[in-house]
Amino acid sequence: MSESISSSTLNSVKRILTGITTSGIPHLGNYVGAIRPAIQSIHNSDDEAFFFLADYHGIIKCHDPALIHESTKAIAATWLACGLDPERVTFYRQSDVPEIAELAWILNCSCAKGLMNRAHAYKASVDINNEKTDVDPDQGITMGLFGYPVLMAADILMFDATHVPVGRDQIQHIEMARDIAGTFNHRYKPLFTMPTAVVDDDMPLLTGLDGRKMSKSYGNTIPLFGDSNPQVSAEKQMHKAIMKIVTNSQLPAEPKDPDDSTIFEIYKAFATPAEIAEMRAQFAAGIGWGDAKQALFEKINAEIAPFRERYEHLMANPKELEEILQMGAEKARRHSRKQLDKARRAIGIRPLAKLK
Ligand code: TRP
């Protein structure tokens, strides 16, 4: 992992924190790009970890209550099924920790509006409006979208996170969290820890069925666990999606270029170096597209199949999920209650006198 911003907290404990926005159902790209590396990095270290479901971020762009609810459930079940240990990691739902939203308000008052004007996500929405005639630049833009980075700063600063693993598109938000923390610390007292964005440069984005980046918005994803369709098993759904990967029209026995193939691209994310070399040789020897897809399916399935039972169990038993999330919220609130109290005292909000 390479760090995009130098850390100011080199000698103390690492506290890793990251949020997952609850506006979709996890697919294979999410698994390879975020879920698997996050869980692995925790297993192989003594770092403290806070992973949470960012449902208040989810409602910024997704106004479908059923999807927000289903996504929260599916994301929680996915991370647990893939091996996240809720005893080891503080795993919680953002909205169960009300102190975060309270801190966000306090931070709003230490955040220059001009800083938010420069946010890429906000500017992109304004640019789209500016391309249209007779449309207000801020049309359809809510205060939620505009202030999104402040809520994210509250998520991070609340728990004194030192390391925040994120996608490249989120680096600016971590810089904003540092900026806001700096303003507060300077104005009142040095309360907040400066977070560092952690971006994995070696992590290729997974390619989707059509050869573009795998993304929910392109509709080109391979499902991780499938939808809960009792007619078609999750395994069959995955197989079906893999068989739909777009290839060129080369015939079996024709030598093929692995580096120009989505099948090979995805295979690399699941295979060992020796298996990758072997597949490369099979491409040169002219493996047929159908056989290559079958090999890819078997490779992915070998890794995912052991997680399916737990996923399906949790999806069918939301009470168990809820108990795990409540345990996480209780752990998180041990920190957040104290941190909010310190922030309030720093700004002059405290009881006028002690009552018995
Ligand atoms: N905005 C992040 C994303 O879309 C999700 C997120 C919310 C987050 N709060 C966070 C990530 C705090 C890291 C830290 O990916």
Side-chain angles (χ1 to χ4, degrees), residues 1-2 24-41 43-44 78-79 81-83 165-169 198-227 232-308 311:
M1 289 220 170
S2 73
I25 307 298
H27 56 69
L28 209 62
N30 302 136
Y31 174 74
V32 166
I35 303 169
R36 188 175 64 184
I39 292 174
Q40 274 174 359
S41 76
H43 276 181
N44 306 328
T78 297
W79 282 73
C82 292
V166 282
R168 200 160 289 289
D169 60 320
V198 182
V199 177
D200 192 343
D201 287 323
D202 314 324
M203 186 61 63
L205 290 171
L206 208 61
T207 311
L209 298 178
D210 58 359
R212 291 185 289 174
K213 162 186 167 278
M214 189 177 290
S215 159
K216 176 182 71 163
S217 48
Y218 293 149
N220 64 356
T221 61
I222 297 174
L224 181 54
F225 292 117
D227 54 33
V232 189
S233 72
E235 188 174 289
K236 284 221 174 82
Q237 291 181 42
M238 178 182 275
H239 188 263
K240 202 171 150 207
I242 289 169
M243 290 300 150
K244 280 195 205 146
I245 294 174
V246 173
T247 63
N248 64 23
S249 52
Q250 281 183 295
L251 299 171
E254 274 186 71
K256 298 177 177 67
D257 177 7
D259 298 313
D260 187 34
S261 161
T262 301
I263 302 171
F264 188 73
E265 184 66 47
I266 303 175
Y267 191 83
K268 283 194 290 187
F270 288 87
T272 63
E275 290 166 336
I276 295 169
E278 165 62 21
M279 185 53 79
R280 210 172 251 294
Q282 291 204 46
F283 268 67
I287 187 174
W289 289 130
D291 290 343
K293 287 178 182 178
Q294 186 60 30
L296 173 64
F297 166 72
E298 279 162 21
K299 191 88 241 136
I300 299 175
N301 198 44
E303 184 165 329
I304 303 303
F307 304 148
R308 280 201 191 104
Y311 179 79

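Source: prediction; values computed, not measured. Computation of the quantities below employed the complete heavy-atom set of this structure, encompassing side-chain atoms and omitting hydrogens, waters and symmetry-equivalent molecules.
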Exercise for the section: Answer whether the closest heavy-atom distance between the side chains of Thr78 and Leu224 falls below 4.5 Å. Expected result: yes
Completion exercise
Taking every heavy atom of His43 against every heavy atom of Gly83, the minimum-distance pair comes out as NE2-O, 3.5 Å
Problem - Spatial distance of atom OG1 (Thr221) from atom NZ (Lys216) [nearest 0.5 Å] - result: 10.0 Å
Handout entry: Distance-minimising heavy-atom pair for Met279 and Phe264
Key = CG-CD1, 3.8 Å
Problem - Phe283 side chain near Pro255 side chain, heavy-atom distance below 4.5 Å - result: no
Problem - Shortest non-hydrogen separation from Ser217 to Ser215 and the atoms involved - result: OG-OG, 2.8 Å
Exercise for the section: Begin with the C-alpha distance, continue with both residues' side-chain angles, and end with the deciding distance and a verdict on side-chain contact (heavy atoms from CB on, under 4.5 Å) for Glu265 and Asp260. Expected result: CA-CA 8 Å; Glu265 184 66 47; Asp260 187 34; over 6 Å; no
Fill in the blank from the handout: Output for pair (Met243 CE, Leu296 CG), nearest 0.5 Å, gives 8.5 Å
Problem - Atom pair CD (Glu278) and CD (Gln282), whose distance is rounded to the nearest 0.5 Å - result: 5.0 Å
Problem - Heavy-atom check, side chain of Glu254 versus side chain of Lys256, under 4.5 Å - result: yes
Practice task
Please work out which of the three classes, parallel, tilted or perpendicular, describes the rings of Phe225 and Tyr311, given edges at 30° and 60°.
Solution key: parallel
Practice task
Starting at CG of Asn220, measure out to OG1 of Thr262 and round the result to the nearest 0.5 Å.
Solution key: 9.5 Å
Practice task
Please examine the side chains of Pro26 and Ile35, heavy atoms only from C-beta on, and report whether any two atoms are closer than 4.5 Å.
Solution key: yes
Exercise for the section: Find out whether Ile222 and Ile242 are in side-chain contact, i.e. whether some heavy atom of one side chain is under 4.5 Å from a heavy atom of the other. Expected result: yes
Handout entry: Check: Met214 and Leu205 side chains under 4.5 Å, non-hydrogen atoms
Key = no
Practice task
Verify whether one side chain among Arg36 and Asn30 offers a donor that lies under 3.5 Å from an acceptor in the other.
Solution key: no
Problem - Trp289 side chain near Ile245 side chain, heavy-atom distance below 4.5 Å - result: no
Practice task
Start with the C-alpha gap between Phe270 and Leu28, add the side-chain angles, then the distance that decides, and say whether side-chain contact (heavy atoms from CB on, under 4.5 Å) holds.
Solution key: CA-CA 11 Å; Phe270 288 87; Leu28 209 62; 3.9 Å; yes
Handout entry: Sidechain-backbone polar pair: Gln237 side chain, Val232 backbone, donor-acceptor under 3.5 Å
Key = yes
Handout entry: Basic-acidic side-chain contact under 4.0 Å: Lys244, Asp210
Key = no
Handout entry: Within-4.5 Å side-chain heavy-atom neighbours: Lys268 and Val32
Key = no
Exercise for the section: Indicate whether the side chain of Glu275 and that of Tyr267 have a donor and an acceptor atom separated by less than 3.5 Å. Expected result: no
Handout entry: Mutual orientation of the aromatic rings belonging to His239 and Phe297 [parallel < 30°, tilted 30-60°, perpendicular > 60°]
Key = perpendicular
Practice task
I would like to know whether Asp257 and Arg280 meet salt bridge (charged side-chain N to carboxylate O under 4.0 Å, His left out); could you show each step before the answer?
Solution key: CA-CA 8 Å; Asp257 177 7; Arg280 210 172 251 294; 5.9 Å; no
